[in-house]
Number of protein chains: 4
Amino acid sequence: MPEKPPKFRRRAEARPDEVLDAALALFVERGYAATKVEDVARRAGVSKGLVYLYFPSKEALIEGIVLRAVTPVADRAIAEISSFEGHPRTAISTVMRFLVMRLSDPQVMAVPRLIMREVAQFPHIAEMYRREVLDRVIPVLRERLQRGMDAGYLRPHDPDLTLRSVIGPLVLHVMLAEIFGIRPEDGLAFDRLVENHLSILFDGLSAREDTK
Amino acid sequence: MPEKPPKFRRRAEARPDEVLDAALALFVERGYAATKVEDVARRAGVSKGLVYLYFPSKEALIEGIVLRAVTPVADRAIAEISSFEGHPRTAISTVMRFLVMRLSDPQVMAVPRLIMREVAQFPHIAEMYRREVLDRVIPVLRERLQRGMDAGYLRPHDPDLTLRSVIGPLVLHVMLAEIFGIRPEDGLAFDRLVENHLSILFDGLSAREDTK
Amino acid sequence: MPEKPPKFRRRAEARPDEVLDAALALFVERGYAATKVEDVARRAGVSKGLVYLYFPSKEALIEGIVLRAVTPVADRAIAEISSFEGHPRTAISTVMRFLVMRLSDPQVMAVPRLIMREVAQFPHIAEMYRREVLDRVIPVLRERLQRGMDAGYLRPHDPDLTLRSVIGPLVLHVMLAEIFGIRPEDGLAFDRLVENHLSILFDGLSAREDTK
Amino acid sequence: MPEKPPKFRRRAEARPDEVLDAALALFVERGYAATKVEDVARRAGVSKGLVYLYFPSKEALIEGIVLRAVTPVADRAIAEISSFEGHPRTAISTVMRFLVMRLSDPQVMAVPRLIMREVAQFPHIAEMYRREVLDRVIPVLRERLQRGMDAGYLRPHDPDLTLRSVIGPLVLHVMLAEIFGIRPEDGLAFDRLVENHLSILFDGLSAREDTK
DNA sequence: TATGAATGAGCTTTCATTCAT
DNA sequence: AATGAATGAAAGCTCATTCAT
């Protein structure tokens with residue numbers, strides 16, 4: 001009778017994170033619905049029961065992933081936006097480049113990818129995301145646009161709608177790539193996207209009449 | 001016991017459409033996963049078996065909805081974009097206003113709402129949507145931007161990336177509203193969104209140096 | 001490839017009862033907790049899913065069993081008690097003998113056996129049993145005792161407590177037999193129990209002083 | 001950081017009893033099935049593992065509770081019954097009043113409450129209860145009834161069946177109260193129950209013909 | 001002694017799909 | 001063309017029990 005290997009390995013502190021890593025990988029790979037809790041457990045090298053020791057439900061896994069990943073990014077983005085004085089172009093450009101740099105790390109990109117694919121299914125998580133990210137980032141961004149307008153740097157506009165013009169293209173770019181597989185020939189090309197977008201955003205698409 | 005005759009017998013050909021209507025309503029109301037085929041049947045006033053007579057699977061229902069709704073809109077948008085000559089601002093503005101007018105009809109809006117919520121779950125449908133809509137609209141739009149650039153109406157840019165700047169804000173606006181419940185105080189405010197966006201898109205956000 | 005036998009057999013009307021019969025048999029045999037819904041289905045010769053077509057949950061099976069079996073008996077007992085005039089001894093004796101006759105049918109006895117074993121676990125069912133049986137039988141019995149007392153047939157007593165003296169011995173007899181396996185050598189001996197009990201109940205256990 | 005020393009260290013020997021106390025409280029509160037071993041541990045202020053050090057299984061907890069509580073009562077009841085000479089009415093009345101006094105202590109009452117609710121589920125425990133209590137008390141009681149009959153104090157009857165008439169009402173009274181929530185308006189009213197029952201038991205319910 | 005992280009068999013319930021009628 | 005009874009695979013979750021520490 002061969003020796004059975006020890007069943008246990010105590011790593012209480014690391015475990016929840018390991019489980020979350022496994023879940024993230026699988027959810028991105030095959031989607032939330034198609035992933036069984038047992039798969040997550042197997043991937044994390046633990047038993048099904050252990051997953052439920054740390055997370056009360058399968059849905060809590062997605063919640064945990066999003067919460068873990070998203071808050072720091074939001075914090076950073078807010079800090080970045082707020083810190084800059086002067087022309088908002090600098091602030092927005094910096095934040096956007098920072099975001100893009102972070103997103104270029106596939107490990108990091110996995111989360112927006114997941115959010116994009118699944119969040120709409122889970123009102124609970126959508127709400128959490130709104131609370132943790134959108135409700136914090138949007139006001140800061142809106143206020144920054146307002147200040148830029150008040151200071152005469154930006155043309156008059158509705159800041160609440162303008163922020164859709166600021167962020168929307170980035171969101172659509174990721175959606176096209178992740179959901180529909182439509183991306184530039186040289187990959188995600190985040191850098192080029194941002195440069196192209198910022199140029200349009202601030203200077204407009206129209207050829208200047210005086211330079212025409 | 002005399003048979004109570006139906007007042008008038010529905011033409012059989014209308015049936016699939018009625019099933020699709022019922023499915024659309026329910027999918028939007030409670031989501032695809034939470035909707036049972038039996039619910040769809042009941043709502044359409046037919047039996048479960050009949051649904052399967054017209055559609056081979058539950059997924060085929062979503063497919064049918066998207067296909068039915070999306071192709072005409074794409075056709076129309078393509079025609080619109082292509083037909084305009086001169087400054088592309090006119091073409092893009094017209095298409096966007098047309099889209100927005102259509103989307104303001106809740107009946108029509110239901111479909112993008114559904115797509116937004118569910119399409120990511122179904123690679124099959126995502127692919128179909130890409131094929132039927134994106135692969136047809138994107139090239140036309142790209143080419144129009146290219147022409148505008150060639151003709152000197154538009155500043156130099158990468159048309160492939162620029163179209164994200166054109167469409168992205170609209171997509172984000174709908175997402176914020178539908179998924180996260182974030183919308184302007186006066187409702188969806190599509191008109192104001194489009195005006196604000198078009199102004200930025202073509203003239204930029206920056207105050208003109210010469211007018212400063 | 002051998003012919004697969006037809007999967008279906010349509011007997012919609014009989015099915016719920018067949019399922020209940022199977023459930024009753026198994027619950028009595030091995031207890032509620034130890035019986036899987038799948039076992040019930042197999043015993044009834046149907047699929048697991050069918051059970052859930054007629055009964056929303058496993059617990060609903062017990063509920064269904066009790067409800068089906070118990071209401072008619074309660075009805076009959078009430079009618080019996082109410083109908084008799086004169087000395088309540090006759091009424092009570094008749095009812096008790098009727099009950100005992102019914103209980104001697106193992107098919108019928110199965111239900112009290114089940115109630116005795118499981119009902120305490122299910123507040124929901126206990127409540128239903130109280131509502132359907134106890135709340136209907138107890139007032140009738142109490143009132144009968146009261147009338148017997150008013151008419152001078154019975155010595156003064158508290159009818160509410162007395163009915164425990166009337167019914168209790170029967171209950172204990174069944175409990176001893178079913179739960180603890182303690183029963184007279186000649187089996188359940190319901191008849192002898194009832195005669196013995198009725199004699200004590202009405203005439204007392206004490207030897208009459210005047211006959212001593 | 002200095003260790004906060006426990007005020008006094010519980011003697012290890014008290015532990016099993018404390019665990020049993022916790023288990024009893026929880027089993028009565030929410031039932032055996034709904035109580036997790038971990039709950040018991042927490043309530044007892046020990047770890048889950050320790051419970052298993054003292055009791056080999058969850059079922060052993062119930063067994064321990066019943067065993068601990070029931071033997072002394074049985075012993076006492078047996079002694080009481082045996083000790084009395086003369087009219088068995090005195091013996092039975094005394095025992096019954098003693099029982100009732102004990103049962104009025106909620107701490108004590110908890111055990112019959114538990115037995116009533118759960119014992120039927122556990123053949124093992126039912127058997128133990130039969131062995132420890134019923135097999136010891138019943139013969140004594142039966143023999144006492146027999147002696148009372150032989151001595152001419154009691155009318156002729158079958159002592160084996162009569163003891164059901166003696167004990168049954170008490171059992172039913174507790175069942176109605178505990179399982180179905182049916183009890184006299186002034187609470188359990190054990191005293192009144194016993195007086196009412198003893199009067200019927202010995203003197204019968206019928207009005208004496210000669211006093212009528 | 002004492003802990004509590006870890007296990008995993010087991011069970012209820014759901015629902016898309018089938019097909020006899 | 002139409003029905004709806006019947007199927008059964010599939011998956012989330014629980015919790016008594018174990019054992020490395």
Side-chain angles (χ1 to χ4, degrees), chain A residues 4 6-16 33-42 44-61, chain B residues 9-10 12 15 33-42 45-61, chain C residues 4 6-13 15 33-42 44-61, chain D residues 9-10 12 15 33-42 45-61:
Chain A
K4 259 198 271 184
K7 276 183 188 168
F8 304 114
R9 202 147 314 222
R10 304 194 147 228
R11 328 221 312 224
E13 332 74 45
R15 279 291 152 80
T35 301
K36 292 177 240 172
V37 173
E38 188 153 16
D39 298 337
V40 174
R42 200 171 8 250
V46 300
S47 73
K48 210 187 339 174
L50 191 68
V51 174
Y52 282 94
L53 195 62
Y54 295 119
F55 301 93
S57 70
K58 187 182 173 189
E59 200 176 328
L61 287 173
Chain B
R9 184 137 178 74
R10 280 185 191 290
R15 281 284 167 75
T35 301
K36 298 175 219 167
V37 173
E38 184 151 20
D39 297 336
V40 174
R42 201 172 9 250
V46 300
S47 74
K48 217 185 334 176
L50 196 59
V51 173
Y52 278 91
L53 199 64
Y54 296 126
F55 301 93
S57 72
K58 187 183 175 188
E59 201 175 328
L61 287 173
Chain C
K4 257 198 273 185
K7 276 184 188 169
F8 304 112
R9 201 145 317 219
R10 303 196 150 226
R11 328 220 315 224
E13 331 75 44
R15 279 292 152 80
T35 302
K36 290 177 241 172
V37 172
E38 187 152 18
D39 298 337
V40 174
R42 199 171 11 248
V46 301
S47 73
K48 212 183 340 175
L50 191 67
V51 174
Y52 281 92
L53 195 61
Y54 295 118
F55 301 93
S57 70
K58 188 184 173 187
E59 199 176 329
L61 288 174
Chain D
R9 186 138 179 73
R10 280 185 191 291
R15 280 286 166 74
T35 300
K36 298 176 219 167
V37 173
E38 184 152 18
D39 298 336
V40 174
R42 198 167 17 245
V46 301
S47 75
K48 215 187 335 177
L50 195 58
V51 173
Y52 278 91
L53 199 63
Y54 296 125
F55 301 93
S57 72
K58 188 184 175 187
E59 201 176 327
L61 288 173

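Chain naming here is simple, since letters A, B, ... match the order of the sequence lines and numbering starts at 1 in each. Values in this document were obtained by computation on a predicted structure and should not be read as measured data.
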Could you check which nucleotide pairs with [N] in any of the strands shown, counting Watson-Crick or G-U wobble with both distances under 3.5 Å?
N       : result
dA9(F)  : dT14(E)
dT17(F) : dA6(E)
dA1(F)  : none

Contact list please: residues 33-41 of chain C against DNA chain E, heavy atoms, distance less than 4.0 Å, in numerical order.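 Heavy-atom contacts with DNA chain E come from T35(C), K36(C), V37(C).
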[X] [atom1] - [N] [atom2] separation (whole Å):
X      : N       : atom1 : atom2 : result
E59(A) : dG12(F) : CD    : P     : 12 Å
R42(A) : dA6(E)  : CZ    : P     : 18 Å
Y54(C) : dG4(F)  : OH    : P     : 12 Å
F55(D) : dA2(E)  : CZ    : P     : 13 Å

Enter the distance from R42(D):CZ to S47(D):OG here, rounded to the nearest 0.5 Å.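 R42(D) atom CZ to S47(D) atom OG measures 12.0 Å (nearest 0.5 Å).
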- Measuring from K36(D):NZ to K48(D):NZ, what's the distance to the nearest 0.5 Å?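 These two atoms lie 9.5 Å from each other.
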Legend entry - Closest non-hydrogen atom pair, Y54(A) against P16(A):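 Answer, listing the atom of Y54(A) first, then P16(A): CD2-CG, 3.9 Å.
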For the residue pair A41(A) and V51(A), what are the closest heavy atoms and their distance?
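Closest pair (atom of A41(A), atom of V51(A), distance): CB-CG2, 3.8 Å.
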[X] side chain N/O closer than 4.0 Å to the phosphate oxygens (OP1, OP2) of [N]?
X      : N      : result
R15(B) : dA2(F) : yes
K48(A) : dG8(E) : no
Y52(B) : dG4(F) : no

Taking the nucleotide of DNA chain F with the closest heavy atom to each, which residue, V46(C) or G49(A), is nearer the 5' end?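 Taking each residue's closest nucleotide, the earlier one in sequence belongs to V46(C).
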For P56(A) and for L50(C), find the nucleotide of DNA chain F with the closest heavy atom, then tell me which residue's nucleotide is more 5'.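 It is L50(C), whose closest nucleotide lies nearer the 5' terminus.
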- Looking only at side-chain atoms of K58(D), point me to the closest of dT7(E), dA16(F), dA5(E).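 Of the candidates, dA16(F) comes closest.
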